[in-house]
Amino acid sequence: MFSITVLVSGGGTNLQAIIDSIANGELKDAGVYIKKVISNNKEAFALERAKNNGIETSVISPKDYPDRAAFEVALKSAIDESAPDLIVLAGFLVVIPEAIVRSYPKKIINIHPSLIPSFCGKGYYGLKVHEAALARGVKVTGATVHFVDEGTDTGPIILQKAVEVKEGDTPEVLQQRVMKEAEHILLPHAIALLAKERA
Ligand code: GAR
């Protein structure tokens with residue numbers, strides 16, 4: 001078996017794609033299971049998705065700690081307690097502290113909603129990525145799964161998938177297409193590859 005801890009901040013459609021793939025897809029065959037879901041946001045719908053599937057959850061919000069350092073220590077403890085084989089950032093909008101990156105070399109992956117190195121790095125997250133892609137007028141965008149290193153979206157690339165930008169797209173429409181055609185396929189596939197590699 002290959003255990004993963006999934007970090008989330010919002011709607012959790014990528015978490016859902018992992019849950020569905022464990023129930024019914026390639027993650028089932030790869031022996032993957034979710035040990036814990038951790039959110040920095042107690043309102044995240046991703047937490048409901050986890051609870052609906054009997055998965056342990058934990059909320060580590062910066063609002064509950066006196067300073068950033070205390071938040072980062074609590075986040076690291078929550079991850080360490082779950083002792084996962086792999087940490088998956090599935091729409092986690094907090095920059096991972098260096099202490100965590102150093103403790104888990106090549107054991108943290110992130111999904112980003114563009115073809116890195118376009119539209120990535122500081123300030124590029126969620127809908128902002130798609131707003132920037134449309135403002136630049138690119139005709140193709142996509143998603144990337146990469147290992148997390150000390151930088152922001154700078155780690156080695158594992159998988160990428162391109163998605164067409166269509167005439168009249170709004171950021172919301174483009175975001176939905178990138179999720180459906182790329183992210184929700186790519187993220188479970190990357191986890192399966194890493195689980196099989198370890199086996
Ligand atoms: C996804 O599009 C993910 O790629 C993005 O946030 C969204 C979360 O959606 N992540 C980033 O922008 C990270 N820089 P979800 O909560 O429905 O999975």
Side-chain angles (χ1 to χ4, degrees), residues 1-40 44-59 75 78-94 96 100-101 103-116 120 126 129 140-149 153 155-164 175-199:
M1 296 296 276
F2 186 83
S3 68
I4 62 173
T5 287
V6 185
L7 275 56
V8 297
S9 298
T13 64
N14 279 288
L15 171 66
Q16 191 67 52
I18 297 169
I19 291 171
D20 293 347
S21 181
I22 288 173
N24 243 322
E26 71 178 317
L27 289 182
K28 185 178 177 183
D29 304 329
V32 172
Y33 69 102
I34 302 177
K35 202 82 175 274
K36 198 197 250 187
V37 168
I38 300 174
S39 175
N40 62 311
F45 187 66
L47 290 168
E48 297 306 312
R49 297 180 190 271
K51 285 173 194 157
N52 290 341
N53 286 277
I55 300 164
E56 185 190 340
T57 61
S58 153
V59 175
L75 181 61
I79 294 170
D80 290 349
E81 271 166 28
S82 67
D85 292 312
L86 183 73
I87 299 161
V88 178
L89 311 185
F92 189 58
L93 303 183
V94 171
I96 294 293
I100 298 179
V101 175
S103 297
Y104 293 94
K106 285 271 176 92
K107 280 182 146 195
I108 311 175
I109 64 170
N110 178 48
I111 178 104
H112 183 78
S114 75
L115 294 173
I116 290 176
C120 65
V129 177
V140 173
T141 183
T144 303
V145 179
H146 63 93
F147 285 112
V148 173
D149 65 6
D153 301 329
I157 291 170
I158 303 167
L159 292 173
Q160 291 189 302
K161 191 167 191 290
V163 173
E164 194 188 343
Q175 180 181 50
Q176 290 305 313
R177 189 180 310 119
V178 170
M179 283 177 160
K180 189 161 175 277
E181 293 183 9
E183 295 187 48
H184 298 167
I185 300 161
L186 222 50
L187 187 56
H189 190 50
I191 297 166
L193 288 176
L194 294 171
K196 283 177 189 158
E197 193 181 276
R198 206 206 54 167

Rounded to the nearest 0.5 Å, how far does [atom2] of [Y] lie from [atom1] of [X]?
| X | Y | atom1 | atom2 | value |
| --- | --- | --- | --- | --- |
| I87 | S103 | CD1 | OG | 8.5 Å |
| E197 | F2 | CD | CZ | 9.0 Å |
| L186 | H112 | CG | NE2 | 12.5 Å |
| T13 | M179 | OG1 | CE | 3.5 Å |
| N52 | I55 | CG | CD1 | 9.5 Å |
| S9 | I38 | OG | CD1 | 11.5 Å |

Contact between [X] and [Y] at the side-chain level, heavy atoms closer than 4.5 Å - yes or no?
| X | Y | value |
| --- | --- | --- |
| V88 | L187 | yes |
| L7 | I79 | yes |
| V140 | E164 | no |
| L15 | I34 | yes |

Please give me the minimum heavy-atom distance between [X] and [Y], naming the atom from each residue.
| X | Y | answer |
| --- | --- | --- |
| A83 | K35 | O-NZ, 3.8 Å |
| A44 | G10 | CB-O, 3.5 Å |
| P84 | T5 | CB-OG1, 3.5 Å |
| L47 | S39 | CD2-CB, 3.8 Å |
| A50 | T57 | CB-CG2, 3.5 Å |

Item to check | Pairing residues for E26 by the side chain to side chain contact (heavy atoms under 4.5 Å, CB included) criterion, not counting sequence neighbours | outcome: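 Partners of E26 by the side chain to side chain contact (heavy atoms under 4.5 Å, CB included) criterion, ordered by chain and then number, come out as S21, H189, A192, K196.
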
Checklist entry - Which residues pass the salt bridge (Lys or Arg N to Asp or Glu O under 4.0 Å) test with E48, sequence neighbours left out? => result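 Not a single residue meets the salt bridge (Lys or Arg N to Asp or Glu O under 4.0 Å) criterion with E48.
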
Next on the checklist: Test side-chain contact (heavy atoms from CB on, under 4.5 Å) on I18 and I4; report intermediate values, then the result.
Outcome noted: CA-CA 10 Å; I18 297 169; I4 62 173; 3.8 Å; yes

Next on the checklist: As a quick check of understanding, evaluate side-chain contact (heavy atoms from CB on, under 4.5 Å) for D80 and I100, giving each step before the final call.
Outcome noted: CA-CA 9 Å; D80 290 349; I100 298 179; over 6 Å; no

Next on the checklist: I'd like to know whether Q176 forms a side-chain contact (heavy atoms from CB on, under 4.5 Å) with K180, so could you lay out the CA-CA distance, the side-chain angles of the two residues, the decisive distance to 0.1 Å, and finally the verdict.
Outcome noted: CA-CA 6 Å; Q176 290 305 313; K180 189 161 175 277; over 6 Å; no

Checklist entry - Just by modelled atom types, is the Q16 backbone N or O under 3.5 Å from a matching donor or acceptor in the R49 side chain? => result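 Between the backbone of Q16 and the side chain of R49 there is no qualifying donor-acceptor contact (under 3.5 Å).
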
Checklist entry - Taking it one step at a time, do L159 and L193 satisfy side-chain contact (heavy atoms from CB on, under 4.5 Å)? => result CA-CA 10 Å; L159 292 173; L193 288 176; 4.1 Å; yes

Can you give the donor-acceptor pairs under 3.5 Å from side chains of residues 141-149 to other protein atoms, not counting sequence neighbours?
unit_1, atom_1, unit_2, atom_2, d
T144, OG1, S114, O, 2.7
T144, OG1, I116, N, 3.1
T144, OG1, Q160, NE2, 2.9
H146, NE2, N110, ND2, 3.0
D149, OD1, G151, N, 2.9
D149, OD1, T154, OG1, 2.6
D149, OD2, T154, OG1, 3.3

Item to check | Ion pair check, E81 and K36, cut-off under 4.0 Å | outcome: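 Yes.
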
Item to check | Y33 and D85: side chain donor to acceptor below 3.5 Å | outcome: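 Note: Y33 and D85 side chains miss the donor-acceptor criterion.
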
